[in-house]
Structure formats: structure tokens, C-alpha cells
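What follows is a single structure, written as C-alpha cells, with notes after it.
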Amino acid sequence: HAQEEDRPTATPRWALSGNLLSWATLAPNIGAEVYIGRKWSVAADASFGMWGFGHTTHTAQTWSAGGEARYWLQTARHGFHRTHIGVSLRGGKFDDTFFSNGSRGNALLAGLTVGYRFRLPGNHWRVDAGLGAGYIRLDYDKYLYNRRFGAYELKGNRTRSLLGLTDLHVSLVYCFTASAGVPFAKKRIER
């Protein structure tokens, strides 16, 4: 009997990432990406930031979560690096009194993205840089902290729709490959 094994591939199947720009603003971020076929991937991430420098002023609290479908223009034997384009959707909440009177509300961002992924030495590490532009919708309340009465006063609510920057990231990516751990092998018996 002759046996034949298929060689395991080094193409990534999924990855974990962290947006270094988000971490630099003290809003920790973590994401995951799943690779589908030879040219597509789906990524999702979330961030959470709570800054407070006083009870009534200089605070910023945010959280957001989003996803992106990516099409890779070039793929190689080790897969999924270089240029990608995509469509992204992100939503979140914010409460900001850092530079002005308070604003608290919701944000929705949808746009087209472009990015480039650089391979680092070794098989698993990458750096992914990208940006996106598109539609932004903000629905928020304006408020002011009244020191005299020690209470917050609502100053009105607003809704804004505009075009602008919807994504900016420089992410450190760790790719998990199909050949990590126990190799996948197929055996065929010939008679």
C-alpha cells in the first residue's frame, strides 16, 4: 500500500490584532479576522476608553465596535498581505467634556477602506495600516455642569450627518495558520 500526504499550508486562517493608535489614546482595542478563500477576509474589533481627570471637566468616555469585509488585491504563498480594500461599519457611544461643554450620544460610521499589510520577520507577525472615508451620523445631547447647583443641565440635542474619516488604524496582527500545531494530513490508499 502506498500512502500520500498533502503538505500543510502556511496560509493564515484567522488572526488577532490590536490597533496601536487606539492603545496610544488609552482606549484598549482588540480585534479578530477570519480569512475566507484566497482573496476575502472579515474583520471585527472593539475598543473601550474611560478617561477621567475630574468630576465635572476633562473627561472622555468612549466605546465602539465595528466590522469590515476586505478584498485582497494580492495574495502570496504565505497569504493575505499587501493591499486590501473593503467596506466597514462601526457604532459606538461617547461622553466628552474634555475641551468644551459636554456632549453625550451615539455615533454610526460607514465607509470604504483601503489598507496595506506589511510582513514582519517570521511567519506570523504583520503590521496593517489603513484608513477609511464615508458617512458619519452623530445623535447627541449637549450639556453643561452647573457648579452653582451642582447638577448637569441639558442644553439641547442634535443630529448631524456628514462625510469624513471613518477609519484610521495601524494594527499589530498575529496570524494563526493551518499548519500551526498538529499538521493537517490526508491519506490515500492505492491498491
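This structure is a prediction, so every number in the text was calculated from the model and none was measured.
Partners of N106 according to the side-chain contact (heavy atoms from CB on, under 4.5 Å) rule, which considers only residues two or more places apart in sequence or in another chain, are K93. Y116 is linked by a side chain to side chain donor-acceptor pair (under 3.5 Å) to nothing, counting only residues two or more places apart in sequence or in another chain. For L165, the side-chain contact (heavy atoms from CB on, under 4.5 Å) test picks out L131, L168, with sequence neighbours left out. Partners of D45 by side chain to side chain donor-acceptor pair (under 3.5 Å), not counting sequence neighbours, listed by chain and number: N29, R90. Qualifying ring-ring contact (aromatic ring centres under 6.0 Å, His included) partners for Y71, counting only residues two or more places apart in sequence or in other chains: W40. Under the side chain to side chain donor-acceptor pair (under 3.5 Å) criterion, N19 pairs with no residue, sequence neighbours left out. Residues forming a side-chain contact (heavy atoms from CB on, under 4.5 Å) with R104 (at least two apart in sequence, or on another chain): D95, Y143. In this structure, the side-chain contact (heavy atoms from CB on, under 4.5 Å) partners of S41, at least two apart in sequence or on a different chain, are E33, Y35, R70, W72. For W63, there are no ring-ring contact (aromatic ring centres under 6.0 Å, His included) partners, not counting sequence neighbours.
When hydrophobic residues (I, L, V, M, F, W, Y) are linked wherever their side-chain heavy atoms come within less than 4.5 Å, L154 remains an isolated member. Other members of a hydrophobic cluster containing V173 are absent, since no ILVMFWY side chain comes under 4.5 Å of it, directly or through relayed contacts. L109 shares a hydrophobic cluster with F94, I136, L138, Y140, L162; the chain of contacts runs through ILVMFWY side chains whose heavy atoms sit under 4.5 Å apart.
Put simply, the side chain of V127 reaches to within 4.5 Å of the side chain of L172, judged on heavy atoms. Counting heavy atoms from C-beta on, the side chains of I36 and V42 come closer than 4.5 Å.
Side-chain contact of S47 with S64: a donor-acceptor pair under 3.5 Å is present, judged by distance alone. Between the side chains of Y135 and S161, a donor-acceptor pair is found at a separation under 3.5 Å.
Rounding to the nearest 0.5 Å gives a distance of 10.5 Å between CG of L26 and OG1 of T62. Separating the CZ atom in R117 from the CZ atom in R126 is a distance of 7.5 Å, to the nearest 0.5 Å. Annotation: the span from E68 atom CD to H84 atom NE2 amounts to 6.5 Å, rounded to 0.5 Å. For the atom pair R137 CZ and L108 CG, the distance stands at 8.5 Å (nearest 0.5 Å).
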Discussion item. The test is side chain to side chain contact (heavy atoms under 4.5 Å, CB included); show your working for K142 and R158 and say whether it passes.
Written reply: CA-CA 8 Å; K142 298 289 285 179; R158 296 186 182 161; 4.1 Å; yes
Discussion item. Test side chain to side chain contact (heavy atoms under 4.5 Å, CB included) on L120 and H124; report intermediate values, then the result.
Written reply: CA-CA 8 Å; L120 297 176; H124 300 284; over 6 Å; no
Discussion item. Assess the residue pair D167 and H169 against the criterion (side chain to side chain contact (heavy atoms under 4.5 Å, CB included)); give the C-alpha distance rounded to whole Å, side-chain angles, the decisive distance to 0.1 Å, and a yes or no.
Written reply: CA-CA 7 Å; D167 179 43; H169 70 269; 3.0 Å; yes
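Summarising the geometry of S17 relative to S171, their closest heavy-atom pair is CB-CB, 4.4 Å, with the distance given to 0.1 Å. For T113 against S88, the heavy-atom pair with the smallest separation is CG2-OG, 3.6 Å. Here the closest heavy-atom approach between residue S22 and residue A27 is recorded as OG-O, 2.5 Å.
By the criterion of side-chain heavy atoms lying less than 4.5 angstrom apart, applied directly or through intervening Ile, Leu, Val, Met, Phe, Trp or Tyr residues, I30 is not grouped with Y174; the two fall into different hydrophobic clusters. Taking hydrophobic clusters as Ile, Leu, Val, Met, Phe, Trp and Tyr residues chained together by side-chain heavy-atom distances below 4.5 Å, V87 does not share a cluster with L73. The cluster map of Ile, Leu, Val, Met, Phe, Trp and Tyr, joined by side-chain heavy atoms under 4.5 Å apart, puts L89 and V34 in different clusters.
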